[in-house]
Amino acid sequence: MQDTLNLFVMNIGQWLSANLGTLNNPDQIIVEIARWLRTEFGNWGVVGFILANLMATVPLIAVFSGCFALTTWLERKGLGRIQNRYGPNRVGPYGLFQPMADGIKMLLKEDIVPERADKIGHFLAPVIIMIPAMTGLVFLPIGRNIIAASIDSALLFFFAIGSIVSLSVFMAGWASHNKFSLVGGMRAIAQLVSYEMPLILSAVVVVMFVGSMNTSVIVEAQQIKSWVTSDAPALQCLGQVLGWHVFQPWGLMGFLLLFVSALAEANRSPFDLPEADSEIIAGHLTEYSGFKYALFFLAEYVNTFAIIGICTTLFLGGWNGPNIRPPWSDDPQALLIPGFVWFFLKIFVLMGIMIWIRGTLPRLRIDQLMGFAWKFLLPLAIINLLVAGCFYHMEWYFGWPFSILILCKSYAIVVRLNKSKLVNSNRTYTYA
Amino acid sequence: MNTSTGYAPRNYKIVKHKDKTLLEVAMGPHHPSTHGVFRMDVKLDGETIIDLIPYFGYLHRNHEKLAEDMTYFSTMPYTDRLDYLCSMTNNWAYALTVEKLANISVPERAEYIRVIIGELTRLVNHMLLVGFYINDLGAIGTPLLYALREREKILDLFEWASGARMMCNYLRFGGIREDVSDEWLASCNKLVDAFPYFLDEYDQLLTGNEIVISRSQGVGVLSKELAINAGITGPMLRASGVNYDLRKTDSYSIYDRFNFRVPLGQFGDCYDRFMLRLLEMRESITILKQALRDIPKGEIQSKVPPVLKPKPGEAYGRIESPKGELGFYLVSDGSVNPYRYRVRPPSLINLTLLRDLCIGHKLADTIIIFGSIDIVLGEVDR
Amino acid sequence: MLPLEYILILSAVLFFIGLAGVLIRRHVIIMLICIEMMLNAANINFIAFWRYNPNPELHLGPLFTLFSIAVGGAEAAVGLGLVIAVYRFYNTANADKFDMLKDS
Amino acid sequence: MIITFCILSVFIIIGAVSTIRLHNIVYAVFSLMLLFSAIAGIFLLLMAEFVAVAQILIYLGAVGVLILFAVMLTHSVTGSSGKNIYSNGWGWGLLLSLSILFATLLPAIYFSDFPSDPAVEIIEPSVKKLGMEMMHSCVPAMWLIAILLTAALIGGIVIAAPPQKR
Amino acid sequence: MNGQGILKGMLVTAKNFFGSYVSRERLTTVSYPEGGNTIKEQSRNIPFLVFDGEDPVAGMRCTACQKCEKACPPQCIFIEKDKDERGKALQRPKVFDIDASVCMGCQICVEVCPFESIWMDSNFELSTFNRFEGLQFNREKLLKSNTYFHKIHPQQAQASDDRLAEKERKRLEREAARRAEKSASEPQV
């Protein structure tokens with residue numbers, strides 16, 4: 001084993017010197033390293049085969065767990081600053097080691113299983129919630145061809161995996177045999193099932209335009225090809241940005257619908273009814289402590305990352321960002337700034353917006369939540385589908401005014417329909 | 001259908017009610033949003049409330065019996081602990097009653113300082129209510145922490161004047177324990193001028209918010225007749241449109257010198273109660289401005305014998321505390337300590353209506369209605 | 001590679017377990033679940049025969065399975081609706097107790 | 001190929017048998033979920049990618065949750081049923097289904113010869129072709145399914161909804 | 001439900017978010033060990049006994065009149081009179097205990113004390129490791145010098161010194177008046 005190792009090390013040195021010299025395509029650094037590693041593992045036999053497969057998934061899990069740790073810190077700092085107080089600043093510089101401290105605390109906490117809970121369900125729930133959370137990440141195109149699995153029907157697979165979350169949340173609620181967690185579990189199922197409809201319908205618009213459900217094809221389609229290949233750097237930058245779907249009228253409406261149902265699907269702020277701490281303590285998480293609770297926490301955040309990743313791939317042009325062709329390189333496909341930089345930038349911007357929303361908005365009641373999904377988001381998603389269909393066949397000078405007019409009108413109509421009669425919000429107060 | 005599986009008794013009961021099986025849940029003393037130790041036994045059909053039985057008394061400290069074998073003067077610090085959020089209004093009500101019993105006069109400057117302190121405590125109480133109400137609605141602490149930030153400034157003023165932030169024990173029979181320096185009045189002026197800015201920011205954050213509107217309008221509607229019959233007082237009564245404010249009707253101490261308005265609600269639901277507190281805060285600021293403008297110089301406590309022995313007799317003094325009509329009923333038999341010492345707690349009497357307001361609403365609404373009634377368990381259980 | 005017989009045996013066994021479930025169990029919901037199982041056994045056969053078909057690009061197998069999954073879903077919805085309605089009347093989910101029509 | 005097939009079929013058998021044998025209804029539904037996901041695995045194995053996704057989405061995500069709701073609505077909260085769970089004539093039922101299995105199904109498979117390995121090695125998974133096929137040749141079937149689904153769902157709701165007092 | 005209210009609310013939180021980096025007035029957190037504390041001049045916590053001069057026991061102002069023991073609402077003060085070697089009662093407490101876990105800092109003992117000897121201390125770091133001996137403040141722990149009193153409560157200390165000086169002066173006058181009147185009555189005899 002010793003000689004293969006130093007052979008391996010020697011190869012790296014020689015490969016690096018060869019490639020780094022002529023770095024003609026900085027965007028594809030990781031892809032080239034991966035390809036080289038795969039060839040290297042090729043001649044290692046079965047171990048190499050396993051390593052090659054692991055190479056696709058293990059970095060994914062590592063990177064997104066790292067993002068999870070960063071987001072917990074970001075969330076507590078952001079919420080703190082919104083509420084005019086310092087966030088955590090005692091553990092490490094600016095509180096950066098706070099996620100680590102939380103992790104260790106979670107590990108050391110005693111894991112209490114209630115005596116009347118049935119052990120199997122209580123134990124299986126966090127395991128089952130991890131499956132959809134982690135597999136959801138597989139379909140996100142992080143870089144140009146940095147993607148774990150570019151399956152033909154990737155988008156539908158993502159939504160199918162996402163629907164398993166409701167099963168595991170119910171199992172957690174039902175298995176911990178506590179009245180509040182049962183109510184939380186029932187609420188979670190009702191919310192997750194009824195918010196899948198607007199989620200899928202607002203994603204279907206993009207599939208209709210791009211014509212394929214493969215996420216990397218969707219991202220490729222969000223570039224204005226003619227501008228990108230032209231040689232003026234400004235045009236290249238604009239080409240990569242203006243191509244995003246969010247700059248189309250139907251795209252903006254689709255993005256907003258998708259983002260709002262993503263908030264609901266990930267149990268985030270205005271829709272965090274399953275673990276509404278003021279009403280039913282911690283909902284389905286009441287009876288969990290120690291590392292199982294950390295697993296739920298991790299799964300919830302990674303699920304949020306997956307859904308935000310899908311939002312960026314569909315509407316914000318996954319790894320497209322204003323970067324130019326490096327002047328010194330020869331092949332026309334090269335890009336200066338690697339794609340994943342833009343991808344993670346967009347994810348953290350959307351995460352910041354979610355934290356901002358979490359710091360501001362109170363919680364909806366369960367029947368308003370249902371009403372909001374079925375009577376507000378669903379009709380808008382269907383109208384958006386129709387408008388996008390017409391937009392596809394119309395010329396741009398017809399399409400834009402038509403779709404903008406229809407969308408705004410339908411938004412106003414749906415809002416008026418939803419304004420319940422007995423509630424008149426402008427109250428007059430007499431003074432005696 | 002035999003559903004017991006031989007385990008220890010379950011922490012919830014399945015109750016038959018007509019034809020539906022209900023889930024009886026104890027929103028127990030250990031619940032995050034009951035503002036202290038208070039238990040509601042709730043019968044749930046799905047999420048809607050069928051029946052609700054409140055249990056309180058977890059914080060009973062035998063306050064009234066204690067007061068019977070202590071001198072009038074020694075009970076004063078205990079009145080801080082009644083409604084521990086606004087301690088000075090309790091002192092004021094107690095001092096007012098004893099002054100009525102032993103007819104002690106109160107100098108001008110002391111009256112003005114009492115009005116200033118009373119209105120500052122009303123600001124603190126209303127801010128806390130609005131903050132906790134929105135916190136029950138679900139906004140994770142943001143409005144609450146804005147309210148706490150402003151409350152800190154007022155508590156610093158209290159500490160500066162009386163020595164303690166919450167348990168001030170600052171009022172004495174016939175006046176006030178220590179005089180208030182001019183810098184204190186200046187900083188109080190600065191605070192009162194800066195306060196409306198905070199209220200506008202609060203209005204912009206909350207009153208127009210669609211979620212707050214849809215969650216609290218039409219919830220827990222209290223009709224005028226029911227309010228009057230149940231003896232409800234304070235902002236909860238005015239939210240139903242009944243014009244009854246002790247500062248106007250009794251005009252005790254020197255409230256008749258200030259012109260201020262009393263806001264009245266229209267529907268008497270949670271949104272009105274919430275809005276009313278915000279409007280009352282603005283009125284308190286107008287009172288504070290006028291009081292700070294024309295506070296006279298002079299001595300702050302009239303001559304009172306060190307050991308007070310009032311003539312046998314009885315007196316009932318009441319003031320408009322931020323939660324309602326806070327009354328003290330004292331019967332003295334001429335000796336050093338009172339024969340009977342009774343407190344009329346506004347929180348307890350407002351709480352009696354919890355069941356009628358909550359029936360038929362969702363589980364989440366009971367928390368909102370309970371929050372909008374503004375309960376402090378110290379005063380409910382005494 | 002994987003001979004076709006294995007898959008067919010698997011779907012047959014699954015079908016048998018579903019049928020046995022319907023006939024053995026007395027609980028209504030379990031009987032519905034076993035019907036779902038039988039339906040799934042049929043779907044496995046569709047896909048198996050499509051996979052071993054000389055010209056699979058006609059996509060008849062997946063199409064037909066999609067329709068049968070849709071029908072399975074609809075059947076589950078209606079079946080459970082019936083179960084709930086019957087439960088409300090009989091107050092028990094035990095199939096043996098549903099003997100209102102029997103002339104005892 | 002064979003190894004994955006054996007693992008999946010073991011899961012299927014375990015899932016199916018435990019759905020029948022388990023006393024606790026909710027556990028039975030969870031094992032049903034295991035069964036459905038194993039079947040989706042089989043579909044993936046046979047390169048029918050879109051059908052596997054549809055199976056997960058419809059059966060695991062929707063029908064499973066529907067059954068859980070039904071169990072919750074018809075059962076007490078604990079979900080465990082009484083002592084004997086088998087209908088009174090269960091012996092005959094078992095005999096009948098065994099006879100069907102050994103008299104008709106297995107001989108049919110045994111006597112007819114099937115290809116031992118698939119004719120086409122790799123099938124190019126393309127959802128676009130499936131979509132085109134569905135929209136061109138099978139449009140009437142699509143209409144029928146649409147009508148059937150709406151009728152079934154509305155019917156299900158009407159039956160299950162508690163009787164409104166007029 | 002047309003979303004304007006929510007957007008306005010979001011603007012407010014954004015303003016606070018950026019405000020907390022900019023304006024000192026918004027960020028009111030005082031980080032305790034480093035940031036110093038906000039003790040005011042009048043803030044009070046647990047009482048202490050004042051003594052003049054150097055020797056604590058000799059210069060003690062308290063004369064064990066037990067007024068504060070009777071007036072204290074939670075009855076947390078315990079006093080025993082001192083006896084000199086011949087058993088005659090002395091105007092000084094031998095034992096003066098305050099149970100800090102019971103005392104609620106209500107300052108009634110200060111108002112009741114005729115000899116200005118007990119005052120409220122504003123030091124709040126009183127945490128000890130055991131509840132019983134640690135929080136029973138005996139006489140030695142309570143006695144603090146007048147200079148300490150001047151340091152924590154300058155105005156109160158100055159006012160109490162003036163009152164003591166005033167009382168002293170009046171006593172001397174009465175002394176002088178009695179001596180003068182005695183001397184006036186003596187010469188006639």
Side-chain angles (χ1 to χ4, degrees), chain C residues 1-6 8-10 12-21 23-27 29-30 33-34 36-37 40 43-44 47-48 50-54 56-57 59 61-63 65-67 69-78 80-85 87-88 93 95-96, chain D residues 1-2 5 9 12-13 16-17 19-20 25 28 32 39 42-43 46-48 50-51 54-55 58 62-63 66-67 70-71 73-74 81 85-88 90 93-94 96-97 100-101 105-106 109 114-120 123 129-130 133-134 138 141 145 148-149 152-153 155-156 159-160:
Chain C
M1 242 279 274
L2 187 67
L4 186 54
E5 283 82 3
Y6 291 0
L8 297 187
I9 292 167
L10 175 73
V13 168
L14 187 59
F15 185 83
F16 152 70
I17 294 175
L19 188 62
L23 297 177
I24 291 175
R25 282 297 291 266
R26 59 166 62 191
H27 195 283
I29 292 183
I30 298 294
I33 289 176
C34 297
E36 290 295 320
M37 266 202 264
N40 274 334
N43 287 349
I44 294 178
I47 295 293
W50 164 70
R51 177 70 180 88
Y52 286 78
N53 185 315
E57 63 282 355
H59 283 297
L63 269 181
T65 326
L66 283 179
F67 290 148
I69 287 179
V71 166
E75 178 265 337
V78 172
L80 290 169
L82 276 175
V83 161
I84 292 168
Y87 176 81
R88 195 176 304 115
D96 294 351
Chain D
M1 267 296 270
I2 303 282
F5 175 73
S9 50
I12 287 181
I13 304 298
V17 166
T19 310
I20 293 174
I25 304 292
L32 183 75
I39 291 171
I42 294 270
F43 288 153
L46 298 172
M47 300 246 181
F50 189 73
V51 176
Q55 161 92 354
I58 295 177
V63 170
L66 196 64
I67 296 175
V71 166
L73 284 177
T74 57
S81 66
I85 53 171
Y86 299 114
S87 57
N88 30 34
W90 68 273
L94 192 62
L96 174 69
S97 41
I100 287 178
L101 177 66
L105 294 182
L106 291 188
I109 299 170
F114 293 108
S116 69
D117 45 35
V120 175
I123 293 178
K129 239 178 81 47
L130 201 65
E133 194 85 19
M134 199 179 276
C138 307
I145 279 290
L148 177 97
L149 274 177
L153 287 183
I159 297 169

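Bear in mind that the values here come from a model prediction, so they are computed numbers and not experimental data. A, B, ... follow the sequence lines: proteins, then strands. Residue 1 opens every chain.
- Interface residue D/Ala28: only side-chain heavy atoms are found under 4.5 Å from chain C.
- Among C/Asn53, C/Val13, C/Leu23, the residue making the largest number of heavy-atom pairs under 4.5 Å with chain D is C/Leu23.
- Both the backbone and the side chain of C/Ile9 come within less than 4.5 Å of a heavy atom in chain D.
- Rounded to the nearest 0.5 angstrom, D/Phe43 CZ and C/Asn43 CG are separated by 5.0 Å.
- The two residues C/Pro3 and D/Ile2 make their nearest non-hydrogen contact at CD-CD1, 4.3 Å.
- More than 12 non-hydrogen atoms from other residues, nucleotides or ligands lie less than 6.0 angstrom from CZ of D/Phe5.
- Here the closest heavy-atom approach between residue C/Leu10 and residue D/Ser9 is recorded as CD1-CB, 3.3 Å.
- Taking every heavy atom of both residues into account, C/Ala12 and D/Leu101 meet most closely at O-CD1, 3.9 Å.
- Per-residue counts of heavy-atom pairs under 4.5 Å with chain C were compared for D/Ile100, D/Leu130, D/Val17; the largest is that of D/Leu130.
- Taking 4.5 Å as the limit, every side-chain heavy atom of C/Trp50 sits out of range of all side-chain heavy atoms of D/Leu46.
- Most heavy-atom pairs under 4.5 Å with chain D: of the set C/Val78, C/Ile30, C/Ile69, this distinction falls to C/Ile69.
- In this structure, chain C has a heavy atom under 4.5 Å from the side chain of D/Ile58, while its backbone stays farther away.
- Looking only at heavy-atom pairs under 4.5 Å with chain C, the residue among D/Leu149, D/Leu105, D/Ile109, D/Ile42 that has the most is D/Ile109.
- With sequence neighbours excluded, the residues that form a side chain to side chain contact (heavy atoms under 4.5 Å, CB included) with D/Leu66 are C/Ala77, C/Leu80.
- C/Arg88 and D/Ala160 make their closest contact through NH2-O, 2.6 Å (heavy atoms, listed as atom of the first residue, atom of the second, distance).
- With a threshold of 4.5 angstrom between heavy atoms, C/Phe15 approaches chain D through side-chain atoms but not through N, CA, C or O.
- Contact annotation for D/Phe114: both backbone and side-chain heavy atoms come within less than 4.5 Å of a heavy atom of chain C.
- Of all heavy-atom pairs between C/Arg25 and D/Ile25, the closest is NH2-CD1, 4.1 Å.
- Across C/Gly81 and D/Ile159, no two heavy atoms sit closer than the pair O-CG2, 3.5 Å.
- Ranked by heavy-atom pairs under 4.5 Å with chain C, the list D/Leu32, D/Val63, D/Leu106 is led by D/Leu32.
- Residue C/Leu19 holds its CG atom at 6.5 Å from CG of D/Leu96, rounded to the nearest 0.5 Å.
- Of the two parts of C/Ile44, the backbone and the side chain both hold a non-hydrogen atom closer than 4.5 Å to a non-hydrogen atom of chain D.
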Is there a side-chain contact (heavy atoms from CB on, under 4.5 Å) between C/Leu14 and D/Ile39 once you walk through the steps?
CA-CA 10 Å; C/Leu14 187 59; D/Ile39 291 171; 3.9 Å; yes
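- Counting heavy atoms from C-beta on, the side chains of C/Thr65 and D/Gln55 never come closer than 4.5 Å.
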